[in-house]
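Not measured: the values here are computed from a predicted model. Excluded from the calculations below are hydrogen atoms, water molecules and symmetry mates; all remaining heavy atoms, backbone and side chain alike, are included.
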Amino acid sequence: MDEALLLIKDNKVPLMHDIIEEKWGQRTIRILDPDNNLIEIGEKLEVFIRRLNDNGLDSKQIAEKTGVPEEHIKNIIS
């Protein structure tokens with residue numbers, strides 16, 4: 001996400017906001033295309049599940065935060 005933000009800024013793409021973390025844990029950026037349509041760019045599920053785990057959340061806590069089934073989370077972080 002950080003690299004995407006740099007590319008967006010370097011190419012002067014209209015940016016609605018810098019990276020934010022949504023309440024479910026995914027990091028997103030929103031930009032405008034040339035026709036002023038809103039485009040959302042977000043982390044892949046696997047990426048933000050691993051990031052949450054790296055930040056100290058266990059599979060149960062991640063499931064509660066994201067709504068993703070705990071078994072799926074365990075498969076991602078194993």
| said: Under the rule for salt bridge (charged side-chain N to carboxylate O under 4.0 Å, His left out), what residues qualify as partners of Asp18, not counting sequence neighbours? | reply: Lys9
| query | Under the salt bridge (charged side-chain N to carboxylate O under 4.0 Å, His left out) test, which residues partner Glu3, sequence neighbours left out? | reply | none
| Arg51 vs Gln26 side-chain heavy atoms within contact, under 4.5 Å | no
| With sequence neighbours left out, what residues match Glu46 under side chain to side chain contact (heavy atoms under 4.5 Å, CB included)? | Lys44, Arg50, Ile76
| request: Not counting sequence neighbours, which residues clear side chain to side chain contact (heavy atoms under 4.5 Å, CB included) with Asn53? List them please. | output: Ile62, Ile77
| query | What residues, two or more places apart in sequence or in another chain, satisfy side chain to side chain donor-acceptor pair (under 3.5 Å) together with Glu70? | reply | Ser59
| query | For Asp10, which residues count as a side chain to side chain donor-acceptor pair (under 3.5 Å) partner, sequence neighbours excluded? | reply | none
| field | Sequence neighbours excluded - salt bridge (charged side-chain N to carboxylate O under 4.0 Å, His left out) pairs with any residue from residues 59-69 | value | none
| message | Among residues at least two apart in sequence or on other chains, which ones pass salt bridge (charged side-chain N to carboxylate O under 4.0 Å, His left out) with Arg27? | response | Asp2
| query | So do the side chains of Val68 and Trp24 get within less than 4.5 Å of each other, counting heavy atoms only? | reply | no
| Can you list the residues that meet the side chain to side chain contact (heavy atoms under 4.5 Å, CB included) rule with Asn37, with sequence neighbours excluded? | Asp33, Asp35
| request: Would you sort out whether Thr28 and Glu22 count as a side chain to side chain donor-acceptor pair (under 3.5 Å), showing the intermediate values? | output: CA-CA 7 Å; Thr28 62; Glu22 304 291 350; 2.7 Å; yes
| request: Kindly indicate whether the side chain of Gln61, heavy atoms from C-beta on, has any atom under 4.5 Å from the side chain of Asp58. | output: yes
| Test side chain to side chain contact (heavy atoms under 4.5 Å, CB included) applied to Leu38 - qualifying residues, sequence neighbours left out | Met16, Arg30, Leu32
| For Ile29, which fellow cluster members are found when Ile, Leu, Val, Met, Phe, Trp and Tyr are connected by side-chain heavy-atom distances below 4.5 angstrom, either directly or through intermediates? | Met1, Leu5, Ile8, Val13, Leu15, Ile19, Ile31, Ile39, Ile41
